[in-house]
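First comes the structure, then the notes that go with it.
Reminder, nothing fancy here: chain letters follow the sequence lines and each chain counts from 1. Because the structure is predicted, anything quoted here is derived from the model rather than measured.
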There are 2 protein chains.
Amino acid sequence: MSDEMHLKDALDTLKTTGVRITPQRHAILEYLINSMIHPTADDIYKALEDKFPNMSVATVYNNLRVFREVGLVKELTYGDAASRFDFVTNDHYHMICECCGKIVDFHYPGLNEVEQFASHVTGFQVNSHRLEVYGTCPECMAGESKKAL
Amino acid sequence: MSDEMHLKDALDTLKTTGVRITPQRHAILEYLINSMIHPTADDIYKALEDKFPNMSVATVYNNLRVFREVGLVKELTYGDAASRFDFVTNDHYHMICECCGKIVDFHYPGLNEVEQFASHVTGFQVNSHRLEVYGTCPECMAGESKKAL
DNA sequence: TTATTAATTTATAATTGTTACAAATAGTGT
DNA sequence: ACACTATTTGTAACAATTATAAATTAATAA
């Protein structure tokens, strides 16, 4: 699906859930959809400060919360490091470089069995799960080997 | 394996890695091993303030970092909420209640295939992975149903 | 045991991501 | 155009964590 389609769908979702479409929201969504870097709130703030010199950081946070509540955006939390935000398209997991922080998406079929298993074992009602794989990206591995010389 | 054994092993690990065993470190480790609640740094700080009225919060954080670096402890990070610390015994995953925050351990065999798969697909060198399942615990479900009446 | 030395603790200040708040602004329906 | 409510903005507050420097202490060897 194209980015324009995603944006259109997202705006439709907002409309049907009764969330006003402001220029700031439009821009934040657009940036999120086009961005491949899983940006932080601050990334977004900085990226849009040319277009919206007066926009407040609070606006970015507010709207990311709204988008999350409506289900358009997922928040990836990392301790006291800044959260990263991911426009929800299809289900995927994240491969994270421990060296440079890069996040790469990958698809992996059917981990629903884990949810079922966990539910059975713990007695919880299961809603969702989160899987992340940590390692070193090819670029950083190259860098490391250079350092070793 | 018994808790006393875990503590002994942990102290041995510290000794062999050249980390000094201070009373504070001993107490923090002991508390971590006995605790079932995956405590925050503040939980630990509060739990030990009777025994160590002068201990600083920084000490707790410092030592949790040391333990993490030596591999005795895992840090579970959750956005701007406080990190929780988990004494490393055998591998397990966490089932987290979105209602009350309770964390329950469960075992699930072989997710190494995911690591292999991710490595193959992304080209990363894989070190580890993190899986968490989110839902509602039985107690909260009971509470919710009561509320609904 | 004691003296030495480097690691550790402590107290406090600073930092950072995020949220709360109140006032100003801008859409929306009448 | 008017009134009403959602939204934005700017700022202050907050909480978890870390940095810093001075005081203390554990491990080691004489």
Side-chain angles (χ1 to χ4, degrees), chain A residues 10-11 13-29 31 37-70 72-86 101, chain B residues 10-29 31 38-70 72-86 101:
Chain A
L11 295 176
T13 304
L14 291 186
K15 217 172 267 173
T16 53
T17 37
V19 175
R20 283 191 191 161
I21 298 161
T22 66
Q24 292 90 336
R25 284 183 179 156
H26 194 283
I28 294 173
L29 270 181
Y31 180 77
I37 63 164
H38 306 80
T40 63
D42 200 56
D43 290 334
I44 299 170
Y45 177 62
K46 290 218 174 76
L48 299 181
E49 72 180 353
D50 281 347
K51 214 185 263 180
F52 297 90
N54 296 325
M55 185 168 65
S56 161
V57 210
T59 301
V60 178
Y61 279 104
N62 285 339
N63 290 329
L64 287 171
R65 175 158 29 81
V66 170
F67 296 156
R68 173 162 44 87
E69 285 166 357
V70 179
L72 284 176
V73 160
K74 265 202 181 163
E75 180 174 0
L76 313 169
T77 64
Y78 299 102
D80 68 334
S83 284
R84 287 160 163 276
F85 295 87
D86 196 9
Chain B
L11 294 175
D12 279 353
T13 303
L14 291 186
K15 216 172 268 174
T16 53
T17 38
V19 174
R20 284 191 191 162
I21 297 161
T22 65
Q24 293 90 335
R25 283 184 178 155
H26 191 114
I28 293 173
L29 271 180
Y31 179 76
H38 305 79
T40 64
D42 201 56
D43 289 334
I44 299 171
Y45 177 64
K46 291 218 174 74
L48 299 182
E49 71 181 355
D50 281 347
K51 215 186 262 182
F52 297 90
N54 296 326
M55 185 168 63
S56 161
V57 210
T59 301
V60 178
Y61 279 104
N62 284 339
N63 290 329
L64 287 171
R65 175 159 30 81
V66 170
F67 297 156
R68 172 162 43 88
E69 284 166 358
V70 179
L72 285 176
V73 159
K74 266 204 180 159
E75 181 175 0
L76 314 170
T77 63
Y78 299 102
D80 66 336
S83 284
R84 289 160 162 275
F85 295 87
D86 195 9

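With C:dT9, D:dT7, D:dA26 as the candidates, the nucleotide lying closest to the side chain of A:Arg20 is D:dT7. Of the candidates C:dT9, C:dT8, D:dA16, C:dT8 carries the atom nearest the B:Val19 side chain, counting heavy atoms from C-beta on. Of the listed nucleotides (D:dT8, D:dA27, C:dT8), D:dT8 has the atom at the smallest distance from the side chain of A:Thr22.
Contacts with DNA chain C (heavy atom under 4.0 Å) in residues 46-63 of chain B: B:Asn54, B:Met55, B:Ser56, B:Ala58, B:Thr59, B:Asn62, B:Asn63, listed by number.
At D:dT9, one or more side-chain N or O atoms of A:Gln24 fall inside 4.0 Å of OP1 or OP2 (strictly under the cut-off). Taking 4.0 angstrom as the limit, B:Arg25 places a side-chain polar atom (N or O) nearer than this to OP1 or OP2 of C:dT9.
Between the CG atom of A:Leu76 and the C1' atom of C:dG17 there is a distance of 15 Å, given to the nearest Å. Distance CG (A:Asp43) to P (C:dT16): 15 Å, rounded to an integer number of Å. Atom-to-atom, NE2 of A:His26 to P of D:dT8 comes out at 14 Å; the value is rounded to the nearest Å. Spacing between atom CD1 of B:Ile44 and atom C1' of D:dT17 amounts to 14 Å, rounded to whole angstrom units. Counting to the nearest Å, the P atom of C:dA7 and the CD atom of B:Glu69 are 14 Å from each other. Separating the CD atom of B:Glu75 from the C1' atom of D:dT18 is a distance of 12 Å, rounded to the nearest angstrom. Following rounding to the nearest Å, B:Leu64 (CG) and D:dA16 (P) show an atom-to-atom distance of 14 Å. Counting to the nearest Å, the C1' atom of C:dT8 and the CZ atom of B:Arg65 are 12 Å from each other.
The distance from the CG atom of A:Leu64 to the CG atom of A:Leu72 is 11.0 Å, given to the nearest 0.5 Å.
In this structure, A:Val60 and A:Ala41 approach most closely via the heavy-atom pair CG1-O, 3.6 Å. Between A:Leu29 and A:Ala10, the shortest heavy-atom distance links the atoms CD1-CB, 3.9 Å. Across all non-hydrogen atoms, the minimal contact from A:Val57 to A:Tyr45 is N-CE1, 3.7 Å. Considering all non-hydrogen atoms of both residues, B:Arg84 and B:Gly101 come closest at NH2-O, 4.2 Å.
Residue contacts for A:Ser83: at a heavy-atom cut-off of 4.0 Å it reaches the sugar-phosphate backbone alone, with no base atom in range.
For the 3.5 Å distance criterion, the side chains of A:Thr40 and A:Asp43 qualify, holding a donor opposite an acceptor.
Sequence order on DNA chain D of the closest nucleotides to B:Pro23 and B:Arg84 puts B:Arg84 first from the 5' end.
In this structure, A:Arg25 contributes its side chain and A:Arg20 its backbone to a donor-acceptor pair below 3.5 Å.
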